[in-house]
**Student:** 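Just passing along the structure, written as structure tokens.
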There are 4 protein chains.
Amino acid sequence: MAGTREQAIFEAGIKLGALYHQFVGTPVSPQTASSLETAIRESISLQPFVRDVRISIDRSQMEENVFGYAELKGTMLTADVVTRVESSCCHARLERKGDYPLMEIIRCYEEPGHPDH
Amino acid sequence: MAGTREQAIFEAGIKLGALYHQFVGTPVSPQTASSLETAIRESISLQPFVRDVRISIDRSQMEENVFGYAELKGTMLTADVVTRVESSCCHARLERKGDYPLMEIIRCYEEPGHPDH
Amino acid sequence: MAGTREQAIFEAGIKLGALYHQFVGTPVSPQTASSLETAIRESISLQPFVRDVRISIDRSQMEENVFGYAELKGTMLTADVVTRVESSCCHARLERKGDYPLMEIIRCYEEPGHPDH
Amino acid sequence: MAGTREQAIFEAGIKLGALYHQFVGTPVSPQTASSLETAIRESISLQPFVRDVRISIDRSQMEENVFGYAELKGTMLTADVVTRVESSCCHARLERKGDYPLMEIIRCYEEPGHPDH
């Protein structure tokens, strides 16, 4: 059986895969990036075992097409997700590495006390 | 060749199909519905020939699952989109009809003067 | 009220917007492009008023990332959709124009006889 | 630092989150479910560290709407994904539990020898 540490890691992976494939392709511009960041953060925060989410969309990659907007690409997204299963936490990140949107585990740690989710 | 009236109709269809399939499946709750409405409206407003967008997500359909949230379903969405191609405008709507998320043309009209997009 | 010709145009727009935003972001390679084309064609063919769908994904744009695959971008897609509302048909297309995935009405025509959908 | 076992778990979570949010909302019927299963399996198989994917869509949940088709819901999907990082493997599953599409770790194990991905 998987322990709480492993479950926290698994849940963090789910959240990064989910947000990536739900929102990639959304029309976006520097003027609308903020509302999209908020919507992504709030929607992923609803999912089970999520303790914290931070989303940042890189405005500098938004080369305008002929109609004056861009679409959200995976490499525009920086997402930090912290999951918690009982007292086990996992902090994972989606971040551009060169041309690839890399997802990786940043840190796993124990946090005593009651989880807030 | 299609005239401007027909192009406005075509563009309105594109926008409704796009927003539906981009956002259905997003985790949502009554607390986060507002930020999702804003993100949908702002993203679709970026697309060509869009003059106005109004989005409303029906909170009453958000039956919570075992983890306390729902996912956006097509029947939760009411979306009004107005497109404009030169002086031809088309107002189209996505709205629940029974169990089906129906998309339909509400009205086509001419609007003299300069388009704001 | 919109006539059947306008409804066929509207439905064609819906289908192009839908397929674009449903499938953009899907992992794809030259080896899997064929199954993705089939799945897109069959799924869109289910939608109301669709008479014909043809999908082609441009393998030459699939630059491999560091892990050896690509993601479906809008500019990779050529999609021809024919809708029919009573005897009115609309043929519309999604096709790359430069760096933009352009959607346009190709032809509207009347086709006597019974629709097959 | 995360070990290979934990990385395999993380990758399995990513794949399940990704396939869920990429494909939910796709029009589907008993006649087209097979091509959609194939497209999902082939696309997810391209992603890094994937050793095996099995996808099954529950035809019995496809209640037809007024136009004769359904849309893919999370509860229709059973997905088994096996990831491998060096010699560490993780088998995870998405499967309906009541009304919820549950994702869980089935088994982690070591497999000596060269990975085939």
Side-chain angles (χ1 to χ4, degrees), chain A residues 1-26 39-40 43-50 53 72-74 77 79-85 88-95 97-110, chain D residues 1-26 39-40 43-50 53 72-74 77 79-85 88-95 97-110:
Chain A
M1 273 301 290
T4 56
R5 173 185 169 97
E6 290 164 324
Q7 287 181 25
I9 291 170
F10 181 63
E11 294 293 334
I14 292 169
K15 274 61 181 175
L16 291 181
L19 74 87
Y20 188 98
H21 287 274
Q22 182 63 57
F23 293 103
V24 162
T26 303
I40 297 174
S43 71
I44 299 302
S45 295
L46 292 174
Q47 293 190 304
F49 306 112
V50 175
V53 182
L72 187 67
K73 293 187 298 179
L77 272 169
D80 284 88
V81 173
V82 180
T83 52
R84 179 171 178 167
V85 177
S88 298
C89 295
C90 176
H91 173 197
R93 183 178 292 159
L94 159 63
E95 191 176 30
K97 285 285 162 61
D99 285 342
Y100 191 77
L102 190 68
M103 299 181 189
E104 58 186 346
I105 301 169
I106 300 297
R107 191 165 76 97
C108 296
Y109 56 97
E110 293 295 308
Chain D
M1 273 302 290
T4 55
R5 173 186 169 97
E6 289 164 325
Q7 288 181 25
I9 291 169
F10 181 62
E11 294 293 335
I14 292 170
K15 274 61 181 174
L16 291 181
L19 74 87
Y20 188 99
H21 287 273
Q22 182 63 56
F23 293 104
V24 163
T26 303
I40 297 174
S43 71
I44 299 302
S45 295
L46 292 174
Q47 293 190 303
F49 307 112
V50 176
V53 182
L72 186 67
K73 294 187 296 181
L77 273 170
D80 283 89
V81 173
V82 179
T83 52
R84 179 171 178 167
V85 177
S88 298
C89 296
C90 176
H91 173 197
R93 182 178 292 159
L94 159 65
E95 191 177 30
K97 285 285 163 62
D99 285 343
Y100 191 76
L102 190 69
M103 299 182 189
E104 58 185 344
I105 302 170
I106 300 297
R107 190 165 76 96
C108 296
Y109 56 97
E110 294 295 307

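Chain letters run A, B, ... following the sequence lines, proteins first, then strands; residues in each count from 1.
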**Student:** How would you list, by chain and number, every residue that makes a side chain to side chain contact (heavy atoms under 4.5 Å, CB included) with D:Pro48, sequence neighbours excluded?
**Tutor:** A:Tyr100, C:Phe67, C:Tyr69, D:Lys15
**Student:** Given heavy-atom pairs under 4.5 angstrom as the criterion, report whether the side chain, backbone, both or neither of D:Phe10 touches chain A.
**Tutor:** both
**Student:** Stepwise, does the side chain to side chain contact (heavy atoms under 4.5 Å, CB included) test hold for A:Glu6 with D:Arg5?
**Tutor:** CA-CA 9 Å; A:Glu6 290 164 324; D:Arg5 173 186 169 97; 2.4 Å; yes
**Student:** Can you tell me which of D:Ala12, D:Gly17, D:Cys90 forms the most heavy-atom pairs within a distance under 4.5 Å of chain A?
**Tutor:** D:Gly17
**Student:** D:Thr26: which residues meet the side-chain hydrogen bond (donor to acceptor under 3.5 Å, both in side chains) condition with it, sequence neighbours left out?
**Tutor:** C:Gln22
**Student:** If I compare all heavy atoms of A:His21 with all of D:Gln47, which pair ends up nearest, and what's the gap?
**Tutor:** NE2-NE2, 3.9 Å
**Student:** Contact part of D:Ile9 toward chain A, heavy-atom cut-off under 4.5 Å: side chain, backbone, both or neither?
**Tutor:**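 D:Ile9 touches chain A through backbone and side-chain heavy atoms alike.
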